[in-house]
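The structure presented is a predicted model; accordingly, all values stated were derived computationally and were not measured. Computed over heavy atoms, backbone and side chain alike; hydrogens, waters and symmetry mates excluded. Numbered from 1 within each chain, the chains take letters A, B, ... in sequence-line order.
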Amino acid sequence: MPAKQDTFVTEITPRSEDFSRWYTDVVRRAELADYSPVKGSMVIRPYGYAVWELMQASLDARFKATGHVNAYFPLFIPESLLRKEAAHVEGFAPQVAWVTHGGDEELEERLVVRPTSEAIIGTMYAKWIQSWRDLPLLINQWANVVRWEKVTRLFLRTTEFLWQEGHTAHETREEAEAEALRMLGVYKDFAESELAMPVRDGRKTESEKFAGAEVTYSIEALMGDGRALQAGTSHMLGQNFSKVFDIKFQARDKSLQYAWQTSWGMTTRLIGGVIMTHGDDSGLILPPRIAPYQVVIVPIPRGNWQETVLPRAREAAAALTAAGVRVMLDDREEYTPGWKYAEWELRGVPLRIEIGPRDIAKSQALVVRRDTREKLPVPLDELAARLRALLAALQQDLLDRALKFRDDHTRRVTTRDAFEEALRGRPGFVVAPWCGREECETGIKADMQTTIRNIPLEPPPASGGCIRCGNPGLTDVYFAKSY
RNA sequence: CGGGGCGUAGCGCAGCCCGGUAGCGCGCCUGCCUUGGGCGCAGGAGGUCCCGAGUUCGAAUCUCGGCGCCCCGACCA
């Protein structure tokens, strides 16, 4: 059985050859998701959904820790409610799916399938909020939403997707502002700690902000092909929605005030982000903290392995499970060890344990890292402790590697020539001064297919004149081609 | 929604130009063999050739229309 490195290359397109195709191949071959008979809609398969569940659990814990509670609001929103906030409806109108009939009967009022829930939640908040004592109101919901997309891609952009949307109401602008920034911080911490995905946090420009928001913040990650991915957004809605939905409360000074609101969301798109941040030519690489299986054990069938090897493998699995490690013991007989190695590497399992007669003779097992393919023997009685440490190290190494990649693909430029040159070469973030005018922003977008991803939260003084017009720069911003 | 490409077995493809019994590899099933990087041998199952019209004695193949997917742009999480 010669090792045929090129055998499994045929399973997925090499990343360097065609990144988009590589991505699609990984999603399908790793059984994260599949196309469905519904145009633009995908099926999240059990393995992909398991990743989402781990993300959910971790995010949800962070929401609870910051005082939020979960609730559930309706899927359908009456047209009249969506229309209340002018900018909001204008922003979402091209993307909404309409429900016009119930059975055979035409509805008196059309319903939209929620593209987001500000309208329905605002309506309810108006009923629930009367006094400053009712504030802050901190509610999150886990839900599906529908946005009629023209072009779709698995996880990154589908007509229906899963997400969480937080909706809060506060007494003052300052509180709402603090909340929006606090949740942006939660997102950043989540992306970096759990997904090992470094992100740049900042404020969106006027043209890129959420329809109906006063300020939109985002975290932006850099994918393996040098394009940026918006990984989460947090909006300070001001009183835009509270004024149209009549969310009023009696303030401490007895005056009647409109509530200050925020909303923030993260979606299943992040799964796509994880794939494009860490994956390689062999397939997926999952950060241990969101890996459905953190360790796969492959017993080596030799001789009467059922009596000799398998019991040791089962003991190892039990010990790891007891230590809180998510383990898969792959004892299928119809596949060879080599096949299993390739399969679980493709599916991104962070660590593999090979255990055979030779190992058992030495009371050890061979542990192999997915990211570096480094092999190291570990005594069987130390497995649990050693693997926990290895998983933590791997998690950290993935973040470090992604961080280095991002920094290697971030350039600071101060002239228009250098800017255009930077974007012609390998893509990535380009930090450059901008005058703050929308005209320059759209000009760059039209000419360079490059957008301002966001403006740093504490913008340093501009390092020069605007990259586009040369006028005094207002601030340095992050540019990138994006998903 | 513009520009390009592709729809043939579960997956990847050939056949199409030049119309004439639908093929290959992998996978799947049965049995044997064992398995330390996608083992080997033998036998077998599996097809509305994306859909619909048209041309023709005859259409996977030619014509028209539709649908879907992929890639590159404009819009978005």
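- Residue contacts shown for A/G40 are limited to sugar-phosphate atoms, with no base heavy atom under 4.0 Å away.
- Within 4.0 Å (heavy atoms only), A/T152 reaches sugar-phosphate atoms of the nucleic acid but no base atom.
- Rounded to whole Å, atom C1' of B/C72 lies 13 Å from atom CG of A/D225.
- Under the Watson-Crick or G-U wobble criterion, with both distances below 3.5 Å, B/C6 is paired with B/G68.
- No cation-pi contact links A/R62 to A/W264, judged by a cut-off of 6.0 Å to the six-membered ring centre and 45° from its axis.
- Taking the C1' atoms as reference points, B/C32 lies 47 Å from B/G58, given to the whole Å.
- Of the side-chain N and O atoms in A/R157, none sit less than 4.0 angstrom from OP1 or OP2 of B/C76.
- Closest contact between the side chain of A/E345 and the listed nucleotides B/G37, B/C72, B/G36 involves B/G37.
- B/C24 is paired with B/G12 under the Watson-Crick or G-U wobble criterion, all donor-acceptor distances under 3.5 Å.
- The separation between A/R352 atom CZ and B/G36 atom P is 12 Å, rounded to whole Å.
- Here A/S20 does not reach the OP1 or OP2 of B/C70: none of its side-chain N or O atoms lies under 4.0 Å away.
- In this structure, A/Q449 and A/R332 both approach RNA chain B, and ranking their closest nucleotides by distance from the 5' end singles out A/R332.
- At the heavy-atom level, A/P357 lies under 4.0 Å from base atoms of the strands shown.
- A cation-pi contact, defined as under 6.0 Å to the ring centre and within 45° of the axis, is absent between A/R157 and A/Y483.
- Residue A/R153 places its side chain closer to B/C71 than to any other of B/G36, B/C71, B/G37.
- One finds no side-chain N or O of A/K150 lying less than 4.0 angstrom from the OP1 or OP2 phosphate oxygen of B/C75.
- Regarding A/E208, its CD atom lies at a distance of 7 Å from the P atom of B/C76, rounded to whole Å.
- Look at CG on A/D447: it is 15 Å from P on B/G73, rounded to the nearest Å.
- You'll find that the side chain of A/T24 is closest to B/C71, out of B/C71, B/A74, B/G36.
- Between B/G36, B/C76, B/G38, one nucleotide has an atom nearer to the side chain of A/R358 than all others, and that is B/G36.
- With distances taken from any side-chain atom of A/I300 to the nucleotides B/C71, B/C75, B/U35, the minimum falls on B/U35.
- Searching all strands for a Watson-Crick or G-U wobble partner of B/G19 with both distances below 3.5 Å returns nothing.
- For A/E220 and B/C76, the CD to C1' distance is 13 Å, given to the nearest whole Å.
- When Watson-Crick and G-U wobble pairs are counted only if both distances are under 3.5 Å, B/G73 pairs with B/C1.
- Listed candidates were B/C76, B/C1, B/U35. Nearest to the side chain of A/S482 is B/C76.
- Among the nucleotides B/G37, B/U35, B/C28, the one closest to the side chain of A/Y335 is B/C28.
- With A/F429 as the aromatic partner, A/R453 does not meet the cation-pi criteria of under 6.0 angstrom to the ring centre and within 45 degrees of the ring axis.
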Filtered N/O pairs between nucleotides 46-51 of chain B and protein, under 3.5 Å:
none

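- For the pair A/E343 CD and B/G36 C1', the interatomic distance rounds to 18 Å; values are reported in whole Å.
- Ionic pairing of A/E220 and A/K204 is present here: one or more N-O contacts between side-chain nitrogen and carboxylate oxygen are shorter than 4.0 angstrom.
- With a cut-off of 3.5 Å on both Watson-Crick or G-U wobble distances, the partner of B/U63 is given as B/A53.
- Nearest heavy-atom pair across A/I360 and A/T308 is CD1-O, 3.7 Å.
- At whole-Å resolution of the value, CD1 in A/I355 and C1' in B/G37 are 18 Å apart.
- Here A/D359 lies in heavy-atom contact (under 4.0 Å) with a base.
- Closest to the side chain of A/K445, from the set B/G73, B/C75, B/G36, is B/C75.
- In this structure, A/L156 reaches the bases: a heavy-atom distance under 4.0 Å links it to at least one base atom across the strands shown.
- Across B/G12, B/G37, B/C76, the shortest atom-to-atom separation from the side chain of A/R21 is found for B/G12.
- The aromatic rings of A/F19 and A/W22 sit tilted, their planes meeting at an angle between 30° and 60°.
- Between A/F92 and A/H88, the ring planes lie perpendicular to each other; the angle is over 60°, past the 30° to 60° tilted range.
- Taking only side-chain atoms of A/R29, from C-beta outward, the nucleotide of B/G36, B/G38, B/C71 with the closest atom is B/G38.
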Inset, instruction - Check the pair A/H167 / A/Y125 against ring pair (Phe, Tyr, Trp, His ring centres under 6.0 Å), numbers first and verdict last. - result: CA-CA 10 Å; A/H167 294 268; A/Y125 279 14; 7.3 Å; no
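- Under the Watson-Crick or G-U wobble criterion, with both distances below 3.5 Å, B/G43 is paired with B/C29.
- Residues A/Y187 and A/Y217 place their aromatic rings such that the two centres sit no closer than 6.0 Å.
- Across all strands, A/V151 comes closer than 4.0 Å to base atoms (heavy-atom distances).
- Per the geometry, NZ belonging to A/K39 stands 5 Å off P belonging to B/C69, to the nearest Å.
- For B/C70, one of the phosphate oxygens OP1 or OP2 lies less than 4.0 angstrom from a side-chain nitrogen or oxygen of A/Y35.
- Nucleic acid contact for A/E354: base, since at least one base atom lies under 4.0 Å from a heavy atom of the residue.
- In this structure, A/R468 does not pair ionically with A/E439, as no charged nitrogen and carboxylate oxygen lie closer than 4.0 Å.
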